[in-house]
Undergrad: 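One structure follows; several queries about it will come next.
Letters A, B, ... mirror the listed sequences (proteins, then strands); counts begin at 1.
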Amino acid sequence: MWTTARLVAAKDLRVERRSRVVVNQVLPFAALVMVLFAFALDNDTVLQRTAPGLVWLGTIFSLLIVVQRSFAIETADGALDALRVAGVSPPGIFLGKSIALAVQLLALEVLLVALALLLYDSSIDVSGAVLLVTTLVPATTGLALVGTLYGGLAAGTRGRETLLPLLLFPVVAPVLIGATRATEAAFGASGAATSEGWPWVGMLIIYAATFGIGGTAAFGPLLEE
Amino acid sequence: MWTTARLVAAKDLRVERRSRVVVNQVLPFAALVMVLFAFALDNDTVLQRTAPGLVWLGTIFSLLIVVQRSFAIETADGALDALRVAGVSPPGIFLGKSIALAVQLLALEVLLVALALLLYDSSIDVSGAVLLVTTLVPATTGLALVGTLYGGLAAGTRGRETLLPLLLFPVVAPVLIGATRATEAAFGASGAATSEGWPWVGMLIIYAATFGIGGTAAFGPLLEE
Amino acid sequence: MPIGRGTSTTFTRGLGVAAVVSLAAVALFGLVLSPPDVIQGESVRILYVHVGTVWVAYVAFIVTAVSSAAYLWRRTRSLVWDRIAGASAEIGVLFMAVTLFAGSLWGRLSWGTFWVWDARVTTTAFLFISYVGYLAVRDLGGSHEQRARRSAVVALLAVLEIPLVHFSVRLWRSVHQDASVADRTTDVELDGLMLFTLALSTVAFTLVYVWYVLHRQRVLAMEDALDDKGLDLALAERRSEAVGQKGVR
Amino acid sequence: MESAAVSTGSPPDSGRLPVVELDDAVAVLGSFPALAGVTLTVQAGEIVLLRGPNGAGKTTLLRLCAGLLPLARGTGSVVGCDLSTQRDVVRTRVGLLGHANGLYHDLTVRENVQFWGATVRASAEEVDASLDRLGLAGRLADVVVGRLSAGQKRRTALACLVARRARLWLLDEPHAGLDAAGRDELDDTLRAAVASGATVMVASHELERAGGLATRIVDLVGGHVARPGNEGS
Amino acid sequence: MESAAVSTGSPPDSGRLPVVELDDAVAVLGSFPALAGVTLTVQAGEIVLLRGPNGAGKTTLLRLCAGLLPLARGTGSVVGCDLSTQRDVVRTRVGLLGHANGLYHDLTVRENVQFWGATVRASAEEVDASLDRLGLAGRLADVVVGRLSAGQKRRTALACLVARRARLWLLDEPHAGLDAAGRDELDDTLRAAVASGATVMVASHELERAGGLATRIVDLVGGHVARPGNEGS
Ligand code: HEM
Ligand SMILES: Nc1ncnc2c1ncn2[C@@H]1O[C@H](COP(=O)(O)OP(=O)(O)OP(=O)(O)O)[C@@H](O)[C@H]1O
Ligand SMILES: Nc1ncnc2c1ncn2[C@@H]1O[C@H](COP(=O)(O)OP(=O)(O)OP(=O)(O)O)[C@@H](O)[C@H]1O
Ligand SMILES: [Mg+2]
Ligand SMILES: [Mg+2]
């Protein structure tokens, strides 16, 4: 299973290194999202208060694109069928694609956070930074796992673009809330204290664990059809 | 030219009626965007102030998806090449696809406005409603035209998903500004008077006209490549 | 432009010298001779870089648009126009970056933050992004004509954003009136020497601009020529590819 | 040897100007010269079979003739229009069937053919005729293309081409996926097209099929013409 | 008559259990019964050619045998696993080449073959061997698949299949797009596969080619077997 996972992850990341779609497309997209938000809201105090929320909104929008891309690779030329008959263990595929996804998301979030600190001139202290990093890891993992799971679910069906946002957004709402609150604490936005952040991190970890286990079990049946 | 335009528009709309991608995918997506905003910003006064901006942000995000979809139809099975050799007049294609796009966008905006009034309990009076409607038309036309133009430019190329947001977002900024201001006036958000809206409508009309003419002229050379 | 010869001529050499000298002069006047501003204090010295570069960047983008139009117009169609457009846009983007940089430094000093969502600041950012996109379109690959046609269209649309930037202060009910007020007041209260320095910096940057465009456009011409050279080799290889071989081996 | 092509390639009645005339034409994909100097003349009414190993440049040649690729070197004219200056005109006069079918998968077979027919103002009868030619008149006419089998898709693509009534037909492996019946229908279609004044260039590996039909066989190798072929060879 | 298939269909040495055994199998696409009761038995070491008009159900049959489609009616087993209950196991033992190539267009030819090879822990030598088999060893091995010609893509897909070393090979029009040389290489490949104990089912319209290779020809029409065919027919 883990060999498969490594194999698939390596493949996805190599495809990305070749096509540079995430780097050249999703990153600018996410950046523009942030700028546009700021533009539409055009009010500093609001922006500072909402910066954390915007970071995670940006992430989730990008997640949508990255997941679609991640399965477009498989369905473009019928490779998914090939995978399904190749006897590759579905859990392996699931974990592999999740890993690749997580790596790409992480790069994205770092950029967004940086932008938020710069553009919305939020500020952050050491303990905040620690909290922020510990937030990013479980949040990203969770998003990557959910994304892969529902991406796989949607991939087979005809109106996949139809399904994906519908399925994904409601499910990631907890991450949005949890990560936002934690980040607010880290940024000290709207007067939140750093300590307030940790419970949320706990929640994110539980979330990630749940989908890690659930997804690994459920992905096989999903690929069936 | 206009016969071609009617032909292409009819084709695109029929494809949409069959596949229902915009209705089933983009509409819920846009709706979710609005809801997510409400989540991320959870603060009524802020929401009311920013509702107009959010409506148009939602529209512009959806525009991106709809444009990509509109040209995915053409490139999926190489139909674009077929069109190019079929001797169909490029201006015809441009206008046709723009019309189809505008129709779909309009449906979208109506939904978003409705949601804004509902979710962010903004309010609107008669004169405001009139202003709003007169805003929607030129704004939508402008967006559809720009979207088609850049969609066509990106369609052939490899990193098309890369390019589209990069090119599109800066250029639609004026619409974002103008439409937002006009809508604010219509909603009477942040104490703007309805009368303040009309100059912006004028600007939107100029914008649409510019891209209508420019695009019709430029689309040929673009497809030529 | 045949390959082998350098891209500089006596004229461009003279131009280069003039540019360097005038830049030195700007430094002298800007940093030493010109007085501090009543409102801005010493930080006003940033103005000379900030505004000088912006205006030259505007000029660069307009040149790009004009030569793009010249390319699209059948009668004057020639890749020379395309190369000028490309070169001009490149340095335009460079100057715009400087404007943004100097501006945000200035912002730190006078507004206390690097970035505010002032209309002009933001629209400037958009203008900048647009031309980054323009450059991206230029190296999409494909034939030279393809590159020229695509990018020309983008250039003609992107240039429309300049008036937007210029009038943004009025267009946009900004929450940061103070910024654009600052813009105006400093304008008004520039004393003679400051005005002169501003003019001087504008001239200096213009010289740099012309110098760069002349060189760059020639370099581009050589690159295109080089592509054709490479094609000759590739052609020979391709034609020999097949002889006596079966299948695609 | 290419120059020879012009002479040997042209049929007796060289009075009319040729439909396709390429002189040392070069076409570049990315940085790769997929066509490395092709010299070829095709007269009106010919059915030229392009033959050659995978990667020889058949597809590239057809796309060049369709005006979809710029001419990197050399000169060429198609249906009387210059390939360097009038590619937009060329495009309006040729019909191309590539490796891809160029169909709208959400529309039915009939709707697809109607759309392409409409681009040349074809009447409803003509549309039905082209459907009938490719044996799509029955139940299939109203099935959504996305659900069809590979061969049925190919037939639909051919029907669209027929409905478009081009002067120069460029077909890239039209046999791919067609069953025996479909191949006969294809042959009839091409004969009918030539009879009505069209000219045809076919790239194919089905030599047994296409060979019988072709008035001339041109061998492409490594991006150039290895054997221009003579009339009726 | 289907029931007859079982008897006539099975080769003399009916001792070993068959690789494919379908009894009145029905498969539904959407609401359309693309397979309407197929009864068929394939013994180990056979090369079965599936023949039939467009839309007959060849692709559907192959996908059913690959475990990609559920069995709507009837019973069936492939490589000893029941199609109703053990489709996941079936999938791990067959290799399928569909109408689509199933390649990653952003990776090079070699990278694609390596990936599929790695799924069965194939060594570097085996990967090179499969590249060589399909004549992809040279310059092409390091070209990005997206840039290849149609036939070169098809070759790559075949190389990936070879690298996967399946027990049952299911090929859907493998000849499509291949040049003469490629078709010879394909024949050699299939013979070698059978020699190494694999079983092959090929759907194809290239009867001249595939016919010579096949040990048995099965005619599909309208979703059922018209003629199960006998050994060596
Ligand atoms: C990142 C921040 C900034 C950006 C992107 C920016 C951008 C621009 C642009 C594009 C112009 C040219 C306007 C035109 O003539 O069309 C300009 C001019 C000017 N800017 Fe800035 N600016 C920034 C910050 C500042 C700051 C902090 C100040 C001073 C407090 C300032 C003072 C001026 C002045 C005095 C002019 C010339 C007068 C005028 O044309 O309005 N700018 N700036
Ligand atoms: N960017 C590139 N780099 C290297 N080689 C390339 C590139 N683009 C195309 N090629 C090569 O150019 C050739 C394209 O030839 P073309 O598609 O016309 O072949 P074909 O004769 O149609 O072959 P087939 O019979 O397989 O369809 C192929 O050999 C391909 O490998
Ligand atoms: N949803 C549907 N509605 C109607 N008919 C359908 C639907 N889905 C599939 N079909 C039909 O089912 C058949 C599928 O057959 P299949 O693809 O197996 O044909 P095939 O033998 O592979 O043909 P080819 O030789 O063209 O590849 C086709 O006739 C197709 O029209
Ligand atoms: Mg080809
Ligand atoms: Mg089939």
Side-chain angles (χ1 to χ4, degrees), chain B residues 1-25 69-97 100 104 155-159 217-225, chain D residues 30 59 62-70 78-79 81 85-108 110-112 114-122 144-148 153-154 156-157 160-161 163-170 172:
Chain B
M1 179 170 99
W2 286 107
T3 38
T4 314
R6 228 185 26 262
L7 198 61
V8 173
K11 184 260 295 172
D12 275 14
L13 289 173
R14 169 174 282 134
V15 167
E16 167 54 24
R17 218 179 46 250
R18 282 285 159 66
S19 60
R20 302 218 149 288
V21 168
V22 171
V23 173
N24 297 343
Q25 158 199 3
R69 162 73 182 167
S70 160
F71 281 90
I73 297 172
E74 304 295 342
T75 46
D77 190 22
L80 193 59
D81 278 350
L83 265 182
R84 285 159 66 198
V85 293
V88 181
S89 84
I93 304 179
F94 174 71
L95 293 174
K97 289 194 92 63
Q104 301 175 6
T157 65
R158 252 194 303 99
F219 206 65
L222 279 188
L223 281 193
E224 191 151 318
E225 124 284 319
Chain D
T59 299
L62 290 176
R63 290 178 62 82
L64 180 75
C65 294
L68 287 175
L69 290 175
V78 172
V79 291
C81 311
T85 59
Q86 299 174 283
R87 266 167 55 214
D88 44 353
V89 189
V90 170
R91 288 216 210 86
T92 67
R93 307 208 183 153
V94 302
L96 172 70
L97 173 67
H99 285 298
N101 289 322
L103 299 171
Y104 297 110
H105 285 219
D106 296 311
L107 301 182
T108 67
R110 176 174 277 108
E111 286 165 341
N112 269 281
Q114 274 168 344
F115 176 75
W116 293 114
T119 59
V120 293
R121 297 185 175 48
V144 172
V145 167
R147 293 171 173 165
L148 294 179
K153 287 198 184 93
R154 202 66 176 159
T156 312
C160 294
L161 191 62
R164 213 178 303 158
R165 296 196 253 95
R167 276 185 50 189
L168 171 62
W169 291 35
L170 304 166
D172 204 346

Undergrad: In Å, rounded to the nearest 0.5 Å, how long is the span from CZ of B:R84 to CG of D:D88?
TA: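 If we round to the nearest 0.5 Å, B:R84:CZ and D:D88:CG are 12.0 Å apart.
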
Undergrad: So do D:T119 and B:T4 actually touch side chain to side chain, heavy atoms under 4.5 Å?
TA: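 No, every pair of side-chain atoms sits at 4.5 Å or beyond.
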
Undergrad: For a quick test of reading the model, state the closest non-hydrogen atom pair linking B:A82 to D:G102 and the distance between them.
TA: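 Of all heavy-atom pairs spanning B:A82 and D:G102, the closest is CB-O, 4.5 Å.
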
Undergrad: Does any backbone or side-chain atom of D:H105 lie under 4.5 Å from a heavy atom of chain B? Answer side chain, backbone, both or neither.
TA: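 Side chain only.
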
Undergrad: For the atom pair CZ (D:F115) and CZ (B:R14), what is the distance rounded to the nearest 0.5 Å?
TA: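 Going from CZ on D:F115 over to CZ on B:R14, the span is 10.5 Å.
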
Undergrad: Heavy-atom pairs under 4.5 Å with chain D: which of B:V15, B:L7, B:I73, B:V8 has the most?
TA: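 Most heavy-atom pairs within the cutoff with chain D belong to B:L7.
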
Undergrad: Taking all heavy atoms of B:A79 and all of D:W116, pick out the closest pair and write down the distance.
TA: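 The pair with the smallest heavy-atom distance is O-CH2, 4.0 Å.
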
Undergrad: With a 4.5 angstrom heavy-atom cut-off, could you sort out which part of B:T3 is near chain D: side chain, backbone, both or neither?
TA: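 Answer is side chain: those atoms of B:T3 sit under 4.5 Å from chain D.
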
Undergrad: Say you draw a straight line from CZ of B:R17 to CG of D:D106; how long is it, rounded to the nearest 0.5 Å?
TA: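 Between B:R17 CZ and D:D106 CG, I get 12.0 Å after rounding to 0.5 Å.
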
Undergrad: Do the non-hydrogen side-chain atoms of D:K153 and B:D77 ever get within less than 4.5 Å of each other?
TA: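 Answer no - side chains too far apart.
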
Undergrad: What part of B:V88 lies closer than 4.5 angstrom to a heavy atom of chain D: side chain, backbone, both or neither?
TA: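 Looking at B:V88, just its side chain touches chain D.
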
Undergrad: Let's test your reading of the structure: which of D:Q114, D:E111, D:R63 forms the most heavy-atom pairs below 4.5 Å with chain B?
TA: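 The option with the most such pairs is D:E111.
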
Undergrad: Between CG of D:L96 and CG of B:D81, what distance do you get to the nearest 0.5 Å?
TA: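 It comes to 7.0 Å.
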
